[in-house]
Structures are given as structure tokens and as C-alpha cells.
Amino acid sequence: MRRPSQMMRLLLTSFFGVIVGFLMGITFPTLTLTKMNLPSTLFPSIDLAYIEDKYSDISRQRLFGSWSSTKGLKLKNDIPDPPYNYNDTKIWVSTNPRGAERLPPDIVTPESDFYLRRLWGDPNEDLTVKQRYLVTFTVGYDQRKNIDTVLKKFSDNFSIMLFHYDGRASEWEEFEWSKRAIHVSIRKQTKWWYAKRFLHPDIVAPYEYIFIWDEDLGVEHFDSEKYLAVVKKHGLEISQPGLEPYEGLTWEMTKKRDDTEVHKHAEERNGWCTDPNLPPCAAFVEIMAPVFSRKAWRCVWHMIQNDLIHGWGLDFAVRKCVQNAHEKIGVVDAQWIIHQGVPSLGNQGQPEQGKQPWEGVRERCRREWTMFQDRLDDAEKAYFEASAHKNASSRPHGECHCHVRIC
């Protein structure tokens, strides 16, 4: 049997322990479990963030209330509660990009860029120059010397992006400019496949103009800065350099002229143009070496189909992205290029049924052109039919459009 003194000592110890525990509890009212490095097996099915958010404020308020009412004291090192729980705020901004409506607008960053940044230092000091234009090429390693020659005609105002269809991106390190270029390597794809996936308008938004060029172009008579000066002078939204005449030239519109700085109309063969202001007699450039303004590209990108990777037919449709297209789409004669006609991408095809690789590629190009035109026609037809139906449904019941009301 315990002595009274021992019992008293035990009671005092227990009481003291309770007091110490209470004081510690109100001094550290919450324990952030989500910031503790605990093994996941310890709490296999408990949402710690939910528990913390749901109960932390309640426990904090009760404990501080108890402490204040009991002692009437304020600890010097207390951290005041925030005016609200951030996770419980009701933010919904409908003008934010889709999916970001719950974010405060000032934290939303809807656009990006291809500017290369350091892994160290102050982020605000990363960029000494911000390029104003973007040039892209879809390339194979065999064309490296020509691409090196071409890029010497593009100033430091250009970001460079290479799409490698042969998987040999690392071998371009021999060129100094390659170290500041963006390299994307995916085998056996076309430039329009790459453009749809890597040139989203929100990614290339910092660039005033976007060049999406083939790899087999000669640039002896071309200068990028002079070219853009002409484009801006004439207000062209979509353009291309004139092509030096050659045997395989298809369109009169793209042929270089010697008597003008820019041309926007051409005379084609009989029956090729239903309207002198429509392609291929006007509002037309080829997909070989197009140059898009930022505004025009935002529209054209949405027109590119995911599965129609060769882009055939796109050159006849880009006019839909430009108001007064016959005045805002043109060919720059003062800066011209040469189409070398290297069938490099065609050789990436697959020989089938006794056909050469390039033959299968060409057949698909033609098939895609027909498919694209059919889709565009069907989409426009559906739109106008839906608009007509909507307009008819919105008229007041019994409305009559005749001069004498007899209905």
C-alpha cells in the first residue's frame, strides 16, 4: 500500500504533466503533417492535406480562445492567423484560360517561349536578348551544310528551331549556332506534324513572325532582316520569298518578278482561277517557305489537322485567316530563294507493292489534299446551315417578310 506522501507526489507529477502538455499544445497549435517526411505506408489511406485544411483553423481558434480567456495574455511570438484559409477561398475567374478559372489572374501565365535560360543566378538576369522572330526547319543530317549556309542569312534576332526527322539531332553540335537552337527529334514526321505539336500559338506568342521552311532552299539572294522590312512595309500577314524560276515550278503566283518589290496577283492557266482574288491567282503562297505573322499563325495553327501531316491544300485555305487576304498575302520579289528540289523527306517513306518510297509519300499527299478540302467544305456547310436554322428560330412567331401582311 502506497504512503500518502507517495500518492501526493504522483498526483502533483500528473497535474504538472497535464499543465505542461496544455502549454505546449497552445504554443504549437497545429502540426503540419503534410510537411513531415513520413513513409507513405504509415498513413496508407488518410488524406493528410484534407485533415489539415478541415481542422487546423478550428483547433487553432479553440485553443487560442481557451488560452486567452484563461490567462488574458498574448504571447509575443504568436503568428497572427491569415484573414482566411487560402484553400477555402472561392476564386472563379471565367476570363482565365480554360482549366485555370480557380486561379487568381495575376498568377496565370498563359503563354511561353523558346528562350533558353540558365540553371543558376537571378532569373531576371537570364536573358540579355529576346529574339523577335522564329525560324524553323524540318531537317535530315544530310542537309546540314545547306542549313548552315541558310542560317548565316538569319540575324541574331531569330530563335532557331530544328525538327529532326532522321533521329540524328546530336550530330549537329559541330555548328556553333546549334548550341543555341532548339532541337526536336522524332523520326519520319513532316514539318506540319511538328508545327501542330510544338508551335502552338501560345508557345510562339513572343515572336512577331514565324518562318516554317523546308530544308532544300538556296538563299544566295536572301537576307532575313531586309525581307521582314519589306513585309512590314507592305503589311503582309502571310508571305513567302519569290522563287527563282525553275523547270518544276508549279504556280505563277510564287515565281519571282524582276519589276516589283512585292506582288499579290498572278495570271494563271485558263480555268485555274474562278476569281482573280482567290487562289492560286491571289491570296496564295506555297507551303514550301511560308512566313506568318503572329496574328495569322494563331488562326492557321487551328486549321492544321492532326492526321493530315503533309499540309497539302493548306496553302489554298490560309486566306480564310486574313481579312482582305488578296491584299495581305503576297510574294516578296526583292528577296528571293531557290528551290533545290532535294527529295529527302520522300525517301523516308516505305516501299510497298513494288512502289518506291517517294511514290507512296506522294500518293498520300494527294489523298490528304482531297480529304482536307472535303473537311473544310463540310465544316463551312455545317456552319452556314446551323446559322440559318438559328436565325429562323430566333424570329418572332408569325413574322412575315412580305410587303403586304396577309399571314
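As the structure is a prediction and not an experimental result, all values here were calculated from the model.
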Pairing residues for [X] by the ring-ring contact (aromatic ring centres under 6.0 Å, His included) criterion, not counting sequence neighbours:
{"X": "F198", "value": "none"}
{"X": "F114", "value": "none"}
{"X": "W192", "value": "none"}

Tell me if the [atom1] atom of [X] is crowded by more than 12 foreign heavy atoms within 6.0 Å.
{"X": "N270", "atom1": "CG", "value": "no"}
{"X": "E267", "atom1": "CD", "value": "no"}
{"X": "R102", "atom1": "CZ", "value": "no"}
{"X": "K232", "atom1": "NZ", "value": "yes"}

inquiry  = Test salt bridge (charged side-chain N to carboxylate O under 4.0 Å, His left out) on D166 and K188; report intermediate values, then the result.
reply    = CA-CA 6 Å; D166 60 357; K188 294 182 181 293; over 6 Å; no
request  = Heavy atoms only: give me the nearest V139-F137 pair and the separation to one decimal.
outcome  = CG1-CB, 3.5 Å
task = Identify the heavy atoms of E111 and R298 that sit nearest to each other, and give their distance.
result = OE2-NH2, 4.1 Å
message = Applying disulfide (SG to SG under 2.5 Å), can you list everything that pairs with C281, at least two apart in sequence or on another chain?
response = C273
task = Can you label the angle between the W369 ring and the F316 ring as parallel, tilted or perpendicular, going by 30° and 60°?
result = tilted
task = Would you please test Y165 and Y141 for ring-ring contact (aromatic ring centres under 6.0 Å, His included) and show each step?
result = CA-CA 9 Å; Y165 60 74; Y141 186 66; over 10 Å; no
request  = Please check if the side chain of N146 supplies one atom and the backbone of L217 the other of a donor-acceptor pair under 3.5 Å.
outcome  = yes
request  = Check the side chains of H234 and E261 for a donor-acceptor pair under 3.5 angstrom, ignoring hydrogens and angles.
outcome  = yes
request  = Report yes or no: do W193 and N306 form a side-chain donor-acceptor pair below 3.5 Å?
outcome  = no
Can you list, pair by pair, the side-chain donor-acceptor contacts under 3.5 Å of residues 323-333, counting residues two or more places apart and other chains?
from, atom 1, to, atom 2, distance (Å)
D333, OD1, R257, N, 2.8
D333, OD1, H263, ND1, 3.0
D333, OD2, H263, N, 3.3
D333, OD2, H263, ND1, 2.9

inquiry  = Between W172 and H183, is the ring-ring contact (aromatic ring centres under 6.0 Å, His included) condition met? List the steps.
reply    = CA-CA 9 Å; W172 291 71; H183 296 267; 7.2 Å; no
query = Do F163 and W213 pass the ring-ring contact (aromatic ring centres under 6.0 Å, His included) test, and can you show the C-alpha distance, the side-chain angles, and the key distance before you say yes or no?
reply = CA-CA 11 Å; F163 300 123; W213 280 21; over 10 Å; no
query = Rounded to the nearest 0.5 Å, how far apart are NZ of K256 and CG of L249?
reply = 12.5 Å
query = Do W251 and F284 pass the ring-ring contact (aromatic ring centres under 6.0 Å, His included) test, and can you show the C-alpha distance, the side-chain angles, and the key distance before you say yes or no?
reply = CA-CA 10 Å; W251 311 107; F284 177 79; 5.4 Å; yes
Residue list, salt bridge (charged side-chain N to carboxylate O under 4.0 Å, His left out) with R144, at least two apart or on another chain = E174
